Amino acid sequence: MPHLLHLDSSIGPASGPGASRSREITATFAREWQAAAGAGATVTHRDLVADPLPHLLDPDLHWAPALRPEGSTPDPGAEALQARLLEELLAADVLLVGAPLYNYSLPSTLKVWLDNVHVPGTTTPFPGHEAQPLAGRTAVVVTSRGGTYDPGTPTADWDHAVPPLQIVLGDAFGMDVRVITTSATLSEHVEALSAGADRARADRAAAHEQAAALAHELAAANL
Ligand SMILES: Cc1cc2nc3c(=O)[nH]c(=O)nc-3n(C[C@H](O)[C@H](O)[C@H](O)COP(=O)(O)O)c2cc1C
């Protein structure tokens, strides 16, 4: 039965005034995907803000057990949590990631998740351990930015939230990474930025449409 792993990492609320743009768009994707994927389709929603993960504090846990240094004795609790996160990810036919831009980078809650699941020898091939179990599956990244980072503008290269996800999920895990972007969100809340409100509205509408269309495309691929 098809399964979706849905991650959210915005510290904004899911609904109401000031609602998180990434949360509302991931919700559209998840709802449409589940409706289109059939009665048996299931979703695991991991809210990395409501239920934050602890930092990864042992470098040995970056490696598959067979690649850890001799005598390595990771904390059993940290090892068990990592095993649960890996199991959750490996069970997913589709991965959905809400990834707002915070200080030009990933939310720290999402970075901790990435630190736990990017494991050479388990999720990423390593010499002698060539398996790439997530290869060919799709990761949908929904990113929301307060400003704009359009090609040809001075800040075009300032968004460092999406590139690490593309490298880890795409290059390292071999997943097909699809990105849905919505910009200028702060124009709705900050008077001084209100000139961007039309852009924000247009991006929001386009992102919901893209999310719904992609959900149907991916659900059909898993049927
Ligand atoms: C801690 C924090 C840092 C932020 N840093 C940036 C930033 O570097 N660049 C930017 O364009 N917007 C920044 N913003 C604005 C958010 O990207 C914007 O509000 C976005 O819509 C957040 O995603 P959400 O709507 O899903 O919560 C920041 C917001 C917060 C709360």
Side-chain angles (χ1 to χ4, degrees), residues 4-34 43-56 92 94-115 138-169 177-215 218:
L4 172 72
L5 173 60
H6 171 183
L7 307 179
D8 276 312
S9 62
S10 167
I11 57 177
S15 59
S20 154
R21 189 59 48 83
S22 62
R23 283 181 184 271
E24 68 175 43
I25 295 162
T26 58
T28 291
F29 180 95
R31 190 185 59 245
E32 295 291 325
W33 182 87
Q34 192 158 26
V43 179
T44 296
H45 185 205
R46 180 172 279 281
D47 188 329
L48 295 165
V49 176
D51 189 12
L53 300 169
H55 285 290
L56 187 83
V94 178
L95 171 67
L96 172 64
V97 184
L101 182 66
Y102 288 164
N103 291 304
Y104 307 101
S105 56
L106 285 179
S108 53
T109 54
L110 179 56
K111 178 64 165 44
V112 169
W113 178 83
L114 207 57
D115 287 345
T138 303
V140 179
V141 173
V142 174
T143 190
S144 44
R145 301 103 59 99
T148 56
Y149 301 89
D150 296 332
T153 65
T155 55
D157 298 329
W158 287 24
D159 180 340
H160 300 285
V162 173
L165 293 168
Q166 283 171 320
I167 294 168
V168 174
L169 304 177
V177 181
R178 311 282 193 96
V179 181
I180 298 174
T181 305
T182 173
S183 302
T185 62
L186 287 175
S187 64
E188 292 166 357
H189 316 294
V190 180
E191 183 60 35
L193 301 175
S194 60
D198 286 348
R199 164 74 184 274
R201 269 192 293 276
D203 273 18
R204 179 189 191 184
H208 279 288
E209 272 179 31
Q210 281 174 47
L214 188 53
L218 297 177

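Reckoned from all heavy atoms, side chains included, excluding hydrogens, waters and symmetry mates. Numbering of residues begins at 1 and proceeds along the displayed sequence. Remember, it's 1-based here, ligands and their atoms both numbered in the order they're listed. On a predicted model such as this, the values are computed, not experimentally measured, just so you know.
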(request) Not counting sequence neighbours, list each pair that qualifies as a side chain to side chain donor-acceptor pair (under 3.5 Å) and has a residue in residues 196-207. (result) Glu24-Arg204, Asp150-Arg199, Asp198-Arg201, Arg199-Asp203
(message) Using the side-chain contact (heavy atoms from CB on, under 4.5 Å) criterion, which residues pair with Ala211? Sequence neighbours excluded.
(response) Ile25, Thr28, Phe29, Ile180
(request) Going by the side-chain contact (heavy atoms from CB on, under 4.5 Å) test, name the single residue among Val43, Leu96, Val97, Leu95 that passes it with Leu5. (result) Leu95
(message) Among residues at least two apart in sequence or on other chains, which ones pass side-chain hydrogen bond (donor to acceptor under 3.5 Å, both in side chains) with His189?
(response) none
(request) Show your working on side chain to side chain contact (heavy atoms under 4.5 Å, CB included) between Ser22 and Ser10 and close with a plain yes or no. (result) CA-CA 7 Å; Ser22 62; Ser10 167; 3.6 Å; yes
(request) Output the set of protein residues with a heavy-atom contact under 4.0 Å to ligand 1, ordered first by chain identifier and then by residue number. (result) Ser10, Ile11, Ser20, Arg21, Ser22, Pro100, Leu101, Tyr102, Asn103, Tyr104, Ser144, Arg145, Gly146, Gly147, Tyr149, Thr185, Leu186
(request) Check whether the ring centres of Tyr149 and Trp158 lie less than 6.0 Å apart, and answer yes or no. (result) no
